[in-house]
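Remarks on the structure that follows.
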Protein chains: 2
Amino acid sequence: MKIDDELLSVRAAELYYDEDKTQDEIGAILGLTRWKVGRLLATAKQRGFIRIEIVHPRARRLGLERALGERFGLADAVVVPVGDAADAAEVAARVATAAADHLTALRPVPRTLGISWGRTLLSVANALPEGWASGVAVVQINGGVSVNRRSGTAAATAVEIARKAGGGATLLPSPAILERVETKRSIESDRTVAGILDLAASADVYLFSAGATTPDSAHIESGYLRRDDMEELVRRGAVGDVVGRYIDADGRIVDPGLDERTVGLPLERLREAARTIAVVSGAEKVAVARAIVASGLCTVLVTDEGIANALLAAVHPPDDPGGSQDSSPRHPSRRTTT
Amino acid sequence: MKIDDELLSVRAAELYYDEDKTQDEIGAILGLTRWKVGRLLATAKQRGFIRIEIVHPRARRLGLERALGERFGLADAVVVPVGDAADAAEVAARVATAAADHLTALRPVPRTLGISWGRTLLSVANALPEGWASGVAVVQINGGVSVNRRSGTAAATAVEIARKAGGGATLLPSPAILERVETKRSIESDRTVAGILDLAASADVYLFSAGATTPDSAHIESGYLRRDDMEELVRRGAVGDVVGRYIDADGRIVDPGLDERTVGLPLERLREAARTIAVVSGAEKVAVARAIVASGLCTVLVTDEGIANALLAAVHPPDDPGGSQDSSPRHPSRRTTT
DNA sequence: CGGCGTCCTGCTCACATGAGCACAGCGGCC
DNA sequence: GGCCGCTGTGCTCATGTGAGCAGGACGCCG
């Protein structure tokens, strides 16, 4: 393209978008036919001279969403733009709101909703509108934080979500990680706990977040893990935790011994479930987000633009060059009952 | 408007602008009629959820230009967006380019072009394309800097502009400010100088920049003024200089004594001229820019978005409440030959 | 309880726009 | 030098879009 055309297209774009002139008028002003003007505008858009941005806390990035969905075989994806957000907390809040919106719009309305807990899910709970659904039974799917923190977080999340849906919350009365396998076994065999785990396994929708392997992890803050435990996990390839279980980049359990002492739904149940919603935001969680989507832990990912871009930027076969499996049904064990 | 409509309009905007869907399709997706979608988009635009930005070094801000033109009775205005420009130098370069563009597009092509000198005008000279016009006589309209700087700047500017237009440059061989009035008088009465000043007074287009009252003013750097001279000028209300003459916020000469010793075209000549182009950029020049446009020193202002906004933000009568004169023909002495 | 004004909705119609097509000018290639 | 393909241009036509209008719902007030 000639340099002159570039200038003209910019001038045309100014007149069209800033001045609300019609392409015909612009043609008259610049001495061009209106078709030429149309073409100039098209190239200007294509070459990125015209930037259209939707600035709203609840705006989403649909292009990224579709790309994510196709790339990782998700049923749905929600990507929140970072835009001019001041800090990570604001982005996290937007992601939580988006997750709440998604949950509210979910059809069919879940009968039983399994949830994990954490800062993220608490935000989601708070962002849900009163009466976002009706008659939803909420059940915790992994052991709680209530041991040596004020019992707030974990229980409050479940109760809030349930209350706003006019349903009941079932809490899992157990620590997240126990010190001895025997204790974990005996807790699980307790009638109450076993019943709750059965209920959790029968949920039709799961909602969970993920933890990074950073020192401010809830597991460390709550005393379930020490810093050097975490460092050891990282050495062994951990990228983060999902419902209390630490996984590597391939979504596999990093430390079976530790996992044996962790109370809650096994990850396989999440991989089988028809609808699992993962809510993840923040640069430190890119790795765990990648593990989640790559290993089929969720069918719906709610995240921020930064993570979405990072997930898509990872090298991937331009046209499946010798890939070991075809791309579409990446997780054949997934039920497809909608 | 209901909160729901806000959400819907954002969703609709996403689909329309990010996804290139038609309003009809969006209607189908969201369960609305296409007219409703159109209205939602309109309100979204109006309420600023949709930001359309033209990102190009040569883009302009036409809305501001028109506002400036109307507000100050300018024949034309060119406003360059600041956008994501890294620093003031980049903005200044864009403004210079815009001025060069304006000059190139000027019709009728000037026969004689009177110019001042300075960093800004040198940039303009460099930004002009070869052959931007043909047969233009360029003449300096104020005394030069050539005294104790290497003779470059002032002369180079004029020569470059003239060369690129295939015309000749006439330099004003005189210091900008003399120490004694008598010297100034005798220089002006010199045949050569007088002839050049006559030529300068007969130019049909003037192009000039403005100086701020900062310590890095060319007048100080060139030794025409001392720092305390400048401070004294500021105390007396000076906001900057135009073709070497210091003016206050109303465009009046601040120090007649100093002005008497300044060689060059009187400001009155600029105010009478049919076409005078002022090129001003940088936050430190807002005050002098305001003085220029408010006192009718230019018919065309080329500037940056920052200055433009500052000029328009100044309080002004919402509907001429007891103003001493009507608003449109603010400078009745201006020739209107165009 | 009824009348009235206001806001909102869905429509018709005129206009703006983009896709697709035919043709002209130009450069490379035989 | 002539032929061929390519790019760029102006057009026709189908579609997308916004202005203006009529009817209905809602709330306010008598």
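None of the values given here were measured: they were computed from a predicted structure. Numbered from 1 within each chain, the chains take letters A, B, ... in sequence-line order.
With sequence neighbours left out, A:V10 forms a side-chain contact (heavy atoms from CB on, under 4.5 Å) with A:E14, A:F49, B:I54, B:H56, B:A59. Under the salt bridge (charged side-chain N to carboxylate O under 4.0 Å, His left out) criterion, B:K21 pairs with no residue, sequence neighbours left out. Partners of B:T112 by side-chain contact (heavy atoms from CB on, under 4.5 Å), not counting sequence neighbours, listed by chain and number: B:A137, B:V139, B:L199, B:A203, B:D204. Under the side-chain hydrogen bond (donor to acceptor under 3.5 Å, both in side chains) criterion, A:E65 pairs with A:R60, not counting sequence neighbours. Legend: residues meeting side-chain contact (heavy atoms from CB on, under 4.5 Å) with A:I52, ordered by chain and number and at least two apart, are A:I50, B:Y17, B:I50, B:I52. Shown here are the side-chain hydrogen bond (donor to acceptor under 3.5 Å, both in side chains) partners of B:E25, two or more places apart in sequence or in another chain: there are none. Applying the side-chain contact (heavy atoms from CB on, under 4.5 Å) criterion to A:E130, with sequence neighbours excluded, gives A:R163, A:K164.
Rounded to whole angstrom, the span from the CZ atom of A:R34 across to the P atom of D:dT9 amounts to 16 Å. Rounded to whole Å, the distance from CG on B:L8 to C1' on C:dT9 is 15 Å. Counting to the nearest Å, the P atom of D:dG8 and the CG atom of A:L32 are 15 Å from each other. Between the P atom of D:dG18 and the CD atom of B:Q46 lies a distance of 14 Å, rounded to the nearest Å.
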I'd like to compare against my own output: the B/S/- annotation of nucleotides 19-24 of chain D with a strict under-4.0 Å heavy-atom distance to protein.
-B----
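Looking at residues 13-30 of chain A, you'll see A:Y16, A:T22, A:Q23 sit with a heavy atom under 4.0 Å from some atom of DNA chain C.
Formation of a donor-acceptor pair under 3.5 Å by the B:R275 side chain with backbone atoms of B:T299 is not found in this model.
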